[in-house]
Amino acid sequence: MQVLKFGGSSVANAVNINKVVAIVQQALEKDRTVVVVSALGGVTDLLLQSGALAAAGDEQYKNVLQVIEQRHLEAVKALIPVSKQSSVLSWVKQRCNEIEDVCNGVFLLGELSARTKDRIAAFGELMSSHLIAARMSELGAVWKDSRELLLTDSNFGNAAVVRDITDHAIQQYFNSVNDQLFVVPGFIASNAQRQTSTLGRGGSDYTAAIFAAALDAKVLEIWTDVSGMMTADPRLVPHAKALPHISYQEAMELSHFGAKVIYPPTIQPVMKKDIPVWVKNTFEPEAYGTLIEREVSLNGNHIRGIASINKITLLSLEGGGMVGIPGFSKRLFEALASEQINVILITQGSSEHSICVGIEDALAEKAKQVIDETFRFEIQSGKVDPLVIEKELAVVALVGDNMKSHPGVSGKMFGAMGRNGVNVRAIAQGSSERNITSVVAASDVRKAINVLHEEFFETTYKQVNLFVAGTGNVGGKLIAQLQQQQQYLMDTLRLQLRVIGMANSRKMVFKEEGVDLNNWKEVLEAGEPMSLQGFVDQVRLRNLRNSVFVDVTANDEVAKVYDQLLSKSISVVACNKVACSSVYAYYRRLKDLAREFNASFLFETNVGAGLPVIGTLNDLKRTGDVVNRIEAVLSGTLNFVFNHYNGEKPFAEVVKQAQDEGYTEPDPRLDLSGTDVMRKIMILARESGEQLEMEDISNKSFMPASCMEGSVADFYKEMANQEAHFKSLFQEAAKEGKKLKFVASFDNGKASVGLQHIGPEHNLYHLYGKDNVVLFYTNRYPDQPMVIKGAGAGAEVTASGVFADILRAAH
Ligand code: ADP
Ligand code: ASP
Ligand code: MG
């Protein structure tokens with residue numbers, strides 16, 4: 001004997017039912033077969049909906065019933081040969097009339113009892129099984145109403161099966177007939193008074209397990225719409241993988257914590273009889289699926305799967321009066337049991353000061369009432385506080401048989417969630433150590449599960465979700481580099497970089513699956529109008545794991561939103577210098593937020609573009625070195641200008657050339673005035689540990705004040721007028737055999753910038769083009785400084801520095 005169960009989507013319509021027939025036909029060659037079926041997909045919901053509408057006095061229930069009837073009639077017409085249709089059609093119509101009669105009664109009375117609900121819901125399985133049996137009559141199928149075999153108590157909606165009587169009835173029936181193929185409805189049963197009951201939503205799996213156990217079946221097959229039990233719910237984690245083998249306990253644990261693919265009570269009866277369970281995909285029958293059995297060989301991974309239950313409420317009973325007095329928890333659980341409230345999770349601190357239990361949201365009010373009533377006396381006398389309830393939570397559980405022999409699993413679990421800003425409200429671990437359960441905000445479930453899935457399973461890859469603000473010079477290059485490297489990063493670092501959001505000053509766009517970087521310009525152009533706060537809200541709301549906000553603008557306003565992002569554990573990578581060179585308090589606050597919320601705040605490109613200046617400085621500091629002095633040429637623009645200016649081509653033209661080649665800030669005066677260099681040396685000083693503001697830096701500007709007034713066009717005009725001034729600066733240095741360099745230094749807590757004459761013996765002398773150089777004099781590099789030198793401006797190198805920061809943030 002073998003039992004095959006087909007779920008709602010497997011029998012949703014005629015096309016699918018024909019797939020089921022093919023599977024059953026093959027199976028039948030092996031053994032005598034019981035086929036257990038669910039209602040046509042979605043029909044149970046529709047039935048319950050019509051009952052609820054009727055009870056609420058809403059005549060719409062008739063329309064819903066119409067839809068139900070239509071679906072069944074259509075299925076019959078498509079499945080049964082015309083010559084045999086009429087009897088099945090009239091049978092289905094009769095059932096539909098019965099449902100309508102019941103609903104009419106409900107409508108008149110204006111009430112819907114649990115018993116009547118079951119009566120209505122039962123029609124789904126009744127009709128599906130009947131029409132499928134008719135379709136399989138060519139295979140010799142016999143239809144049998146499970147209500148004649150399965151006996152339950154009268155807990156309508158979630159009735160408990162009386163196993164010994166049921167087993168006996170099933171055995172007796174199957175011994176009394178010789179047929180080879182049976183089709184029976186799942187989900188439904190009856191009580192001692194022959195009133196229809198149901199086994200709870202998803203209960204057809206359980207029906208199948210009861211048949212399998214009673215008949216000592218060789219195998220129970222659960223045919224559904226996924227290729228087995230997976231490492232996580234595939235609707236939440238698109239990369240979830242099917243588990244080829246798992247143990248009964250693991251399957252039970254996973255289903256208990258929300259893996260809907262198997263109804264939790266299903267495993268118990270088959271486990272007792274050692275009957276293997278196959279989970280298979282009706283739509284991909286050749287896929288291996290999952291085999292659930294007693295012993296499962298270890299496969300190296302001690303975590304088997306991740307599951308979640310939504311709509312959880314946490315009840316906390318607290319109070320000094322509970323310490324050391326036995327019996328509090330007994331009374332608490334008795335109170336909950338008296339109202340049939342199922343407890344999903346329990347935690348109690350060893351201080352015994354509080355007990356915390358997790359239950360379904362829908363039962364929260366009932367629980368509060370009964371508990372406050374139970375402890376009324378203690379609450380009045382102040383020994384216990386009134387019950388605290390917290391709603392809109394969810395349970396996320398890690399499941400695996402082999403967890404117990406592996407320390408560090410929970411550390412890894414909570415570490416991963418913490419790094420992604422998922423706040424854990426409560427924790428529980430069964431003493432079997434087969435699960436670790438955490439309670440998190442419902443809005444964090446998707447993120448939590450994906451984070452954990454990446455942490456424990458993704459030998460495939462880790463997803464990094466980017467939000468890029470700015471698509472100008474640097475932004476454009478960055479996107480091109482991201483696109484070029486996407487495959488490489490996937491292959492070598494197992495990183496999947498996706499640009500989920502993108503914005504420039506006019507437009508913004510979000511794509512759940514990532515913007516197609518091949519034609520990002522069109523995609524962005526078709527986006528909505530840009531609103532900075534709107535963009536930030538979206539980044540926060542999406543609450544994606546490994547989120548990185550990338551600021552490739554030079555905008556003051558954008559720099560002001562970093563705190564909103566970091567405080568949501570969203571990393572910030574910026575080439576925008578504004579934040580780090582604003583008042584020290586803001587810079588400090590951002591660094592503190594990053595630490596507090598486990599996010600990265602990286603801005604390597606603020607100094608020296610793609611050169612590893614800040615990273616190196618941090619490495620020196622972290623390893624215990626002390627930076628005593630910094631000397632640097634930090635302006636690619638000024639270096640370019642002084643390297644190209646020799647008194648022949650006018651100074652203004654050399655500046656223009658620098659701007660045209662993309663080495664200057666959008667307003668070149670920021671470079672020429674030395675302000676940009678001041679910002680950079682200040683950032684280096686701050687990173688060295690000095691609390692410095694812009695006013696603390698001395699700047700001996702070489703620019704005539706008249707050049708700095710008016711527009712950029714005025715600036716060029718006035719520079720041309722002042723050519724003599726620039727020429728004399730050059731000649732003074734030249735006659736000493738020296739070059740002009742705009743030098744920034746930080747020495748003994750003091751920072752300054754200014755034009756200097758640098759001779760050939762100096763480390764700063766041999767500096768060409770737009771190069772930058774930074775000399776770190778430290779305790780470990782006292783005489784010969786550590787030198788970092790190379791191109792210090794340009795969109796390509798800046799973009800690559802930003803890119804490197806993104807990868808750092810991703811790790
Ligand atoms: P059926 O109607 O066949 O009984 P269900 O909808 O009850 O099917 O269960 C199958 C669904 O369970 C899948 O479509 C999937 O979305 C969901 N599911 C949740 N967790 C898991 C998991 N860990 N593995 C497989 N499926 C899961
Ligand atoms: N049809 C029932 C439900 O939708 C039982 C089942 O499908 O297992 O809950
Ligand atoms: Mg199901």
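Both ligands and their constituent atoms are indexed starting at 1 by order of listing. Any value given below was found using the heavy atoms of this structure, including those in side chains, with hydrogens, waters and symmetry copies removed.
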Peer 1: Tell me whether R425 is salt-bridged to D444, with the criterion being a basic N under 4.0 Å from an acidic carboxylate O.
Peer 2: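 No, R425 and D444 are not salt-bridged.
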
Peer 1: Does even one non-hydrogen atom of L254 get within less than 4.0 Å of ligand 1?
Peer 2: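 Flag not set, L254 not near ligand 1.
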
Peer 1: May I ask you to say whether E455 pairs ionically with R419, meaning some side-chain N is under 4.0 Å from a carboxylate O?
Peer 2: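 Salt bridge present between E455 and R419.
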
Peer 1: Using a 3.5 Å cut-off on N or O atoms only, is S204 in polar contact with ligand 2?
Peer 2: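 Yes, at least one N or O pair falls under 3.5 Å.
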
Peer 1: Taking atom NZ as the centre, does K273 end up with more than 12 heavy-atom neighbours from other residues, nucleotides or ligands that are less than 6.0 angstrom away?
Peer 2: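 Buried by this count: over 12 neighbours within 6.0 Å.
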
Peer 1: Could you check whether R542 pairs with E512 (Lys NZ or Arg NE/NH1/NH2 to Asp/Glu carboxylate O, under 4.0 Å)?
Peer 2: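 Judged by the 4.0 Å cut-off on N to carboxylate O distance, R542 and E512 do form a salt bridge.
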
Peer 1: Specify the protein heavy atom at minimum distance from atom 9 (O) of ligand 1: its residue, its atom name, and the distance to 0.1 Å.
Peer 2: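 Ranking protein heavy atoms by distance from atom 9 (O) of ligand 1, first comes V261 CA, 3.4 Å.
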
Peer 1: Classify the angle between the aromatic ring planes of H130 and W143 as parallel (below 30°), tilted (30 to 60°) or perpendicular (above 60°).
Peer 2: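 Plane angle over 60°, so perpendicular.
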
Peer 1: State whether K260 and D233 are salt-bridged, where the test is any N-O pair (Lys NZ or Arg NE/NH1/NH2 against Asp/Glu carboxylate O) under 4.0 Å.
Peer 2: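 Result for this pair is no, no salt bridge flagged.
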
Peer 1: For atom 4 (O) of ligand 2, what's the nearest protein heavy atom and its distance?
Peer 2: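 Among all protein heavy atoms, the one nearest atom 4 (O) of ligand 2 is R201 NH2, 2.9 Å.
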
Peer 1: Is there a heavy atom of G228 sitting under 4.0 angstrom from any atom of ligand 1?
Peer 2: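 For ligand 1, residue contact (heavy atoms, under 4.0 Å) with G228 is present.
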
Peer 1: Just jot down the ligand 2 atoms closer than 4.0 angstrom to any heavy atom of F187, in number order.
Peer 2: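 Numbered from 1, ligand 2 contributes 2 (C), 5 (C).
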
Peer 1: Looking only at protein heavy atoms, identify the closest one to atom 23 (N) of ligand 1 and say how far it is in Å.
Peer 2: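 Checking every protein heavy atom, the shortest distance to atom 23 (N) of ligand 1 gives M230 O, 3.1 Å.
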
Peer 1: Under a 4.0 Å heavy-atom limit, does D233 contact ligand 1 with its side chain, its backbone, both, or neither?
Peer 2: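 Both backbone and side chain.
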
Peer 1: Which word best sums up how the rings of Y288 and W278 line up, parallel for under 30°, tilted for 30 to 60°, or perpendicular for over 60°?
Peer 2: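 Perpendicular.
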
Peer 1: If the contact criterion is a heavy-atom separation under 4.0 Å, does G7 count as touching ligand 2?
Peer 2: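 Judged by the 4.0 Å heavy-atom criterion, G7 does not count as contacting ligand 2.
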
Peer 1: Using a 4.0 Å cutoff against the non-hydrogen atoms of V226, which atoms of ligand 1 qualify?
Peer 2: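 So the answer, numbered in order with elements, is 13 (C), 14 (O), 25 (C), 26 (N).
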
Peer 1: Check whether F456 forms a cation-pi arrangement with K412 (NZ or CZ under 6.0 Å from the six-membered ring centre, at most 45° off the ring normal).
Peer 2: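 Yes, K412 lies over the aromatic ring of F456.
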
Peer 1: State the atoms of ligand 1, each with its element, that fall below the 4.0 Å cut-off from a heavy-atom position in T224.
Peer 2: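 Ligand 1 atoms under the 4.0 Å threshold to T224: 1 (P), 3 (O), 8 (O), 10 (C).
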
Peer 1: Going by atom types only, do S227 and N281 share a side-chain donor-acceptor pair under 3.5 Å?
Peer 2: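 Their side chains do contain a donor-acceptor pair, which is all the 3.5 Å distance test asks for.
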
Peer 1: Between P234 and ligand 1, find which residue part has any heavy-atom pair under 4.0 Å and reply side chain, backbone, both or neither.
Peer 2: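 Looking at P234 and ligand 1, just side chain atoms fall under 4.0 Å.
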
Peer 1: So which protein heavy atom does atom 2 (O) of ligand 1 come closest to, and at what separation?
Peer 2: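 Heavy-atom neighbour on the protein nearest atom 2 (O) of ligand 1: G8 N, 3.0 Å.
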
Peer 1: So does R304 pair up with E250, basic N to acidic O under 4.0 Å?
Peer 2: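 Between E250 and R304 there is a salt bridge, with a charged N closer than 4.0 Å to a carboxylate O.
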
Peer 1: Heavy-atom count around E286 CD within 6.0 Å, excluding the residue itself: above 12?
Peer 2: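 Count over threshold, so yes.
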
Peer 1: Do K5 and ligand 2 have an N or O pair less than 3.5 Å apart?
Peer 2: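 No: no nitrogen or oxygen of K5 is under 3.5 Å from one in ligand 2.
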
Peer 1: Which residue from R201, M229, K260 reaches closest to atom 6 (O) of ligand 1 through any of its heavy atoms?
Peer 2: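 Heavy atom nearest to atom 6 (O) of ligand 1 belongs to K260.
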
Peer 1: Need the ligand 2 atom indices (1-based, order shown) with element for anything under 4.0 Å from a heavy-atom of S38.
Peer 2: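 Selected atoms, number and element: 6 (C), 7 (O), 8 (O).
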
Peer 1: Give the atom numbers and elements of ligand 1 that come within less than 4.0 Å of a heavy atom of R235.
Peer 2: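 Those qualifying, in numeric order: 16 (O), 17 (C).
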
Peer 1: Taking NZ, NE, NH1 and NH2 as the nitrogens, is one of them in D274 or R294 under 4.0 Å from a carboxylate oxygen of the other?
Peer 2: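 So D274 pairs with R294 through a salt bridge.
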
Peer 1: Examine ligand 2 and decide if any of its atoms is less than 4.0 Å from a heavy atom belonging to G203.
Peer 2: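 In this structure, G203 qualifies as a contact of ligand 2 - some heavy atom is under 4.0 Å.
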
Peer 1: What atoms in ligand 1 come closer than 4.0 Å to a heavy atom of A232?
Peer 2: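 Checking each atom against A232, I get 22 (C), 23 (N).
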
Peer 1: Give the numbers and elements of all ligand 1 atoms closer than 4.0 Å to a heavy atom of K5.
Peer 2: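 Near K5, the atoms of ligand 1 are 4 (O).
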
Peer 1: Indicate yes or no: does E98 engage R95 in a salt bridge with an N to O separation below 4.0 Å.
Peer 2: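 Between R95 and E98 there is a salt bridge, with a charged N closer than 4.0 Å to a carboxylate O.
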
Peer 1: Give the residue, atom name and distance (to 0.1 Å) of the protein heavy atom nearest atom 14 (O) of ligand 1.
Peer 2: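 Residue, atom and distance for the closest contact: D225 OD1, 2.8 Å.
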
